[in-house]
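Everything on this sheet refers to the single structure shown next.
Starting from 1, each residue takes its place in the sequence as its number. Worth saying up front: this structure is predicted, and the values here are computed from it rather than measured.
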Amino acid sequence: MIPPGNRPARVERPVVWVVGASQGIGAEIARQFASIGCIVCLSSRSRSLLLKVQRNITTLGGHAAVYPCDVTRIKSVQRTYAAICDDHGQIDVLVNSAGITVFSDFLHTSNKMVEGIVDTNLRGPIYCTKCVLPAMSKRRHGWIFNILSNAAVKSFENSAIYTATKAGLFGFSRVLREETRRMNVKVVNVIPGATETSMWSREQLKRYRHRMMSARSVAEAVLSVYQMPPDVVVDEILLRPMLGDVD
């Protein structure tokens with residue numbers, strides 16, 4: 001046993017909770033934060049997909065832990081938050097990346113579809129933010145990244161409910177940012193244009209992939225904002241593919 005006086009000092013590493021980390025932008029953001037030594041806590045509904053991301057991060061020398069969570073259920077969010085805090089301490093960075101959609105005109109969008117999209121894309125991030133914010137404000141330290149979409153600021157057909165949720169989160173984040181500045185909690189809206197993820201159909205990817213950004217590119221932009229000097233914050237990141245968005 002090492003005598004107490006001779007034990008190496010504990011290295012405090014930022015704890016990052018990535019919600020929607022099983023694939024796409026969320027998974028890439030998790031990898032980016034792990035690459036700089038953060039403890040990354042991975043959440044989504046799919047344990048099996050989260051384990052794949054965890055193995056990849058571990059193979060690359062990072063540290064990741066899996067916490068399955070259904071963001072549409074507030075009890076699930078609260079249990080997940082408590083488990084992360086028990087295992088790793090308070091959360092320094094929350095990344096709200098969970099999102100779903102259906103490409104359908106409003107007339108043919110069922111009420112069940114509406115509930116699923118609203119619960120996942122809007123209520124879920126609000127529930128997660130509600131969990132982390134009290135401790136962040138008390139410690140006067142924290143980051144909240146909300147992954148939105150260009151649909152929050154531009155009109156696209158066949159995505160009315162998706163647009164409503166992203167625009168709603170956009171407005172929520174802007175108000176939250178003003179309320180938390182004095183607490184030294186930074187709220188960042190990330191607004192990516194067309195990005196190559198599984199949200200698109202196989203046909204759409206085949207047709208438009210050459211015009212899309214990679215999820216890794218979006219994740220690297222997020223990390224670059226996080227690594228900026230502590231006396232500044234980028235309120236919003238608007239990212240567009242070089243060849244323009246897919247309409």
Considering the options Ile144, Val40, Val188, Ile147, which one meets the side chain to side chain contact (heavy atoms under 4.5 Å, CB included) requirement together with Val95?
-> Ile147
Option among Leu42, Thr80, Leu50 that satisfies the side chain to side chain contact (heavy atoms under 4.5 Å, CB included) test with Cys69 = Thr80
When you measure from the side chain of [X] to the backbone of [Y], do you find a donor-acceptor pair of N or O atoms at a distance under 3.5 Å?
X      : Y      : value
Thr180 : Val185 : yes
Ser43  : Tyr67  : yes
Arg182 : Glu179 : yes
Lys130 : Gln78  : no
Arg177 : Val187 : yes
Gln54  : Ala64  : yes
Asn184 : Arg140 : yes
Lys52  : Ser22  : no
Asn121 : Ile100 : yes

Flag the pair [X] / [Y] as yes when at least one side-chain heavy-atom distance between them is below 4.5 Å, and no otherwise.
X      : Y      : answer
Asp92  : His141 : yes
Tyr127 : Val71  : no
Met213 : Pro241 : yes
Val153 : Glu236 : no

Treat each ILVMFWY residue as a node, draw an edge where side-chain heavy atoms are under 4.5 Å apart, and state whether Ile161 and Leu122 are in one component.
-> no
Does Glu115 pair with Lys112 as a salt bridge, N-O distance under 4.0 Å?
-> no
Would you mind checking if Glu178 and Arg174 are paired as a salt bridge, meaning a charged N to carboxylate O distance below 4.0 Å?
-> no
Which atom pair, heavy atoms only, marks the closest approach of [X] to [Y]?
X      : Y      : value
Ile84  : Cys41  : CG2-SG, 3.6 Å
Val77  : Cys131 : CG1-SG, 3.8 Å
Pro230 : Lys186 : O-NZ, 3.0 Å
Ile39  : His63  : CG2-CD2, 3.4 Å
Asn146 : Ser173 : ND2-OG, 2.6 Å
Ser149 : Lys166 : CB-CG, 4.1 Å

CG on Leu169 to CG on Leu176, rounded to 0.5 Å = 10.0 Å
Trace of the ring-ring contact (aromatic ring centres under 6.0 Å, His included) decision for Tyr162 with Phe156 | CA-CA 10 Å; Tyr162 179 76; Phe156 295 95; 9.2 Å; no
